[in-house]
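Just so you know, ligand 1 is whichever comes first in the structure, and atom 1 is the first atom listed for that ligand. The shown structure was predicted, so the numbers you read here are calculated from the model rather than taken from an experiment.
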Amino acid sequence: MTDTLATSSSVASARSSRLVTAIPGPKSEALHKRRIATVSEGVAATFPVYAESAHDATIIDVDGNEFLDLTGGIGVMTIGHTNEAVVAAVADQAEKVTHTLFAVAGYEPYIRVCELLAEHTPGTFAKKSVLVNSGAEALENAVKIARKHTGRTEVAVLHHGYHGRTNLTSAMNYNMHPYGTGFGPLAGSVHHAPNSSPFHDGLTGKEAAERTIAYLEKRVGASQIACLVVEPIQGEGGFIIPAEGYLPALLAWCHDNGIVYVSDEVQSGMARTGAYFASEHFGIEPDMVTSAKGIGGGMPIAAVTGRAEIMDASHPGGLGGTFGGNPVACAAVVAVFDEVKKKSLLKEADRVGAALTRGLNGLKDCFSHVADVRGIGAMVAIEFCDPETGKPAPEVAKAIQTYALHQGVLILTAGTFGNVLRFLPALVITDEQVDEAVAVMADALETL
Ligand code: PLZ
């Protein structure tokens, strides 16, 4: 242990001040019984606790236990739970109008959200948006629009990607299980090409791009491809950051071949990485960006934003849905953009990322199972491998997650092999809270 890591006794005292029952407590257990009777088993239950309230980076469960939330509801609560400005905007809008269906009778907040997205997504060209309800729905629409625009059918995605749980997006995910198993036939015309992951493949961005492009040209044919859909930092895949030059090479190839480049920023977007959208870190201006999660500050909303001429490819009535761009959710998005500016959250993402990276690198120095620490801004992950064999060690990630839960800290796993812990905390989390979470992980690793 180095002195950068907190001791067991400080962890124990922080724990005792937060947790008031065994985990799960009796009220959570009672809710879990009711859940088992009526909620489909197809819906996962990562943690056995039920939330009563939440604020900033903490969640209080129905038994009064306080949890430090490093999951941010899988990257949604970027500005923090129950942010005052978002709560006020939602309440205010709810009193004015909660629904008309934008295609029936429009309202200003929808238009304002499209203006904000045009302004804050990469590229200064004219942009338009369509608003929908979920990340997966945004991806569905991006593909539809790209197909209509190009008159082509094929869709290219990358190994270790994740794009949703609808029929098309399940086909676009790298992992068949749990997303596709038994749910087929999944949508066709989806092609999975090798990605860039310098920690795993040792390739330069140029080499990895050549490999991706060679696959797509030989196996699919560039002239057949409507769009290439890429997460700039792969989220569910384990926070995989491509090698330098990889994404610009893919974008250039797309443009040389009339392929629409779609950046899936559902997880990496909206201030998470210290930029509004992570594509900025790689110097690329995608033709289309999908956003969701963090833009709504907890309200369900998603968007496809892209070059105006591409976004206008659909005939009127071809895009939309009953709830897409709901006025209350739109009011929340406007408040989120406002708060990001007011609270300098792009800078805060860098502060949180620095605190996390410092702490996790401290773990790397002490524990041989830590293979890699990586991230940009407040999108940070730690990967565990067996030091003898170099093989993924998902049991270590799982054991730390379980240990942390019982210390009042919620951490998510990730990675195709489940051997990654990822951190998507609210950008208002304090350095002390980050240090506390890292200390719990250190304790977990020591007891393993
Ligand atoms: N694209 C890059 O990360 C959602 C999934 C959580 P939806 N990721 C979290 C779960 O277990 O369902 C995601 C993503 C990227 C698309 C999506 C899909 O977004 O809002 O969940 O549909």
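Ring centroid separation for the pair Tyr162 and Tyr174 does not come in under the 6.0 Å cut-off. Ring-centre distance between Tyr215 and His192: not below the 6.0 Å cut-off.
The backbone N or O of Met379 lies less than 3.5 Å from no partner atom in the side chain of Arg422, so there is not a single donor-acceptor pair. Judged by distance alone, the side chain of Asn65 and the main-chain N or O of Asp61 form no donor-acceptor pair under 3.5 Å. Arg307 places no side-chain N or O within 3.5 Å of a backbone atom of Lys127 that could act as its donor or acceptor partner.
Taking distance alone, with nitrogen or oxygen atoms compared against 3.5 Å, Glu137 stays at or beyond that limit from ligand 1. Here's the thing with Glu236: one of its N/O atoms is less than 3.5 angstrom from an N/O atom of ligand 1.
In terms of protein heavy-atom proximity, atom 3 (O) of ligand 1 is nearest to Gln267 NE2, 2.7 Å. Closest to atom 22 (O) of ligand 1 among all protein heavy atoms lies Ala136 N, 2.8 Å. Among protein heavy atoms, the minimum distance from atom 16 (C) of ligand 1 is reached at His163 O, 3.3 Å. Annotation: atom 1 (N) of ligand 1 to nearest protein heavy atom, Asp264 OD2, 2.7 Å. In terms of protein heavy-atom proximity, atom 20 (O) of ligand 1 is nearest to Gly135 N, 2.8 Å. Counting only heavy atoms of the protein, atom 6 (C) of ligand 1 lies nearest to Ile74 CD1, 3.6 Å.
Using a 4.5 Å heavy-atom threshold, the side chains of Val190 and Leu168 count as touching.
Here the straight-line distance linking atom OG1 of Thr305 with atom CG of Leu131 works out to 7.5 Å at 0.5 Å rounding.
Heavy atoms of Lys293 found under 4.0 angstrom from ligand 1 belong exclusively to the side chain. Contacts between Glu265 and ligand 1, counted as non-hydrogen atom pairs separated by less than 4.0 Å, are absent for every part of the residue.
Using a 4.0 Å cut-off to heavy atoms of Ser134, the atoms of ligand 1 that qualify are 20 (O), 22 (O). Annotation for ligand 1: atoms under 4.0 Å from non-hydrogen atoms of Glu231 are 2 (C).
When distances from atom 11 (O) of ligand 1 to the protein are checked, a heavy atom turns up under 4.0 Å.
Remark: among candidates Val132, Ile301, Val266, Asn133, the nearest residue to atom 17 (C) of ligand 1 is Val266, based on non-hydrogen atoms.
Applying the 6.0 Å contact sphere to NZ of Lys148 captures more than 12 heavy atoms from other residues, nucleotides or ligands.
Using cut-offs of 30° and 60° for the angle between ring planes, the His120 and Tyr276 rings count as tilted.
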